[in-house]
There are 2 protein chains.
Amino acid sequence: MSTDRLSLAFSALADPTRRAIVARLALGEATVSELAAPFDMSMPAVSKHLRVLERSGLIEQSQEAQFRPRRLRPEPFRELAGWMEEYRRFWDAKLDDLDAYLKEIQKEDGDER
Amino acid sequence: MSTDRLSLAFSALADPTRRAIVARLALGEATVSELAAPFDMSMPAVSKHLRVLERSGLIEQSQEAQFRPRRLRPEPFRELAGWMEEYRRFWDAKLDDLDAYLKEIQKEDGDER
DNA sequence: CCTCTATTTAACCAACCAGTTAATTAACCT
DNA sequence: AGGTTAATTAACTGGTTGGTTAAATAGAGG
């Protein structure tokens with residue numbers, strides 16, 4: 001597998017279980033047991049998913065007694081967003097008609113929004 | 001492997017070679033040979049990468065004689081951007097300080113940009 | 001038709017992934 | 001110290017990935 005940061009982030013997110021974990025963590029810190037609860041899956045399996053997410057930098061853990069709550073780290077999200085930005089014209093509805101887009105920038109930033 | 005569209009897109013992009021191919025295609029259509037040229041890798045290897053990208057919907061091919069030029073498809077980019085949107089507060093520099101963000105929306109959309 | 005170019009398919013390999021169960025570590029609480 | 005709860009590590013498995021080389025297919029053009 002590729003070990004550059006962007007590849008790690010993309011591949012960490014290429015799994016629905018891990019995206020669900022990320023979605024849960026967007027609401028705030030959670031312990032491993034809390035994160036595992038919604039899934040029909042053994043604890044070690046969840047632990048492995050967490051390790052993948054951690055290796056990608058998307059989450060980090062803090063030590064609080066026997067609990068090791070996870071939380072999201074913003075950095076990889078910024079890198080993903082940065083990558084996406086390069087392809088904005090492919091996903092931004094406002095730009096999906098390239099002709100319209102070109103006309104837009106011709107107007108020298110006129111009536112933006 | 002997960003076969004939902006989002007997982008396919010993420011995992012297709014989790015490889016630097018494939019991201020480079022996507023970057024090249026953002027400049028316009030290209031044949032397999034053209035796409036393969038920059039890489040120190042056999043033709044079949046590139047062909048496989050293209051099949052992964054195709055299965056994810058990120059690219060499509062058209063038949064032009066013995067050439068089968070690829071081009072990007074916007075749909076998966078929109079899905080990725082839509083997913084990212086949920087996490088905007090993690091990656092948008094303007095929002096990375098949540099307190100500032102809350103203050104901002106308190107102002108009822110006052111001095112945006 | 002033959003050949004050249006473009007590309008894919010087949011068969012194989014080593015490494016990795018996502019899950020399992022069983023055993024282990026870690027910290028808290030009497 | 002002993003027990004309970006939280007979580008990780010170990011060992012194993014079947015399926016997938018990313019690459020290889022060799023053979024096959026498809027169309028263009030003499």
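We use all heavy atoms of the structure for the numbers below, so side chains are in, but hydrogens, waters and symmetry mates are not. Residue numbers begin at 1 in each chain, while the letters A, B, ... track the order of the sequences.
Counting only residues at least two apart or in different chains, salt bridge (charged side-chain N to carboxylate O under 4.0 Å, His left out) contacts with residues 51-62 of chain A comprise A/E60-A/R71, A/E60-A/R73. Counting only residues at least two apart or on different chains, the salt bridge (charged side-chain N to carboxylate O under 4.0 Å, His left out) pairs with a member in residues 2-11 of chain B are A/R19-B/D4, B/R5-B/E79.
Between B/H49 atom NE2 and D/dT16 atom C1' the separation is 14 Å, expressed in whole Å. Look at CG on A/L53: it is 13 Å from P on C/dC17, rounded to the nearest Å. Regarding B/D15, its CG atom lies at a distance of 15 Å from the C1' atom of C/dC17, rounded to whole Å. Rounded to whole angstrom, the span from the CZ atom of B/R55 across to the P atom of C/dT8 amounts to 16 Å. One interatomic measurement links the two molecules: CE of B/M41 to P of C/dT7, which rounds to 16 Å at whole-angstrom precision.
A/E85 meets the salt bridge (charged side-chain N to carboxylate O under 4.0 Å, His left out) test with A/R88; sequence neighbours excluded. Every residue meeting the salt bridge (charged side-chain N to carboxylate O under 4.0 Å, His left out) condition with B/E75, not counting sequence neighbours, appears here in chain and number order: B/R78. Under the rule for a side-chain contact (heavy atoms from CB on, under 4.5 Å), the partners of A/A26 that lie at least two apart in sequence or sit in another chain are A/L72, B/Y87, B/F90.
Distances from the side chain of A/S42 to the nucleotides C/dT20, C/dA18, D/dT21 place C/dT20 closest.
Ring geometry for A/W83 versus B/F77: interplanar angle under 30°, hence parallel rather than tilted (30 to 60°).
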Polar atom pairs between nucleotides 8-14 of chain D and protein, under 3.5 Å, N or O only, would you list them?
| unit_1 | atom_1 | unit_2 | atom_2 | d |
| --- | --- | --- | --- | --- |
| D/dT8 | OP1 | A/R70 | NH2 | 2.6 |
| D/dT8 | OP2 | A/S47 | OG | 2.3 |
| D/dT8 | O5' | A/S47 | OG | 3.4 |

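Regarding contacts with the backbone of C/dA6, every side-chain N or O of B/S33 stays at 4.0 angstrom or more from both OP1 and OP2.
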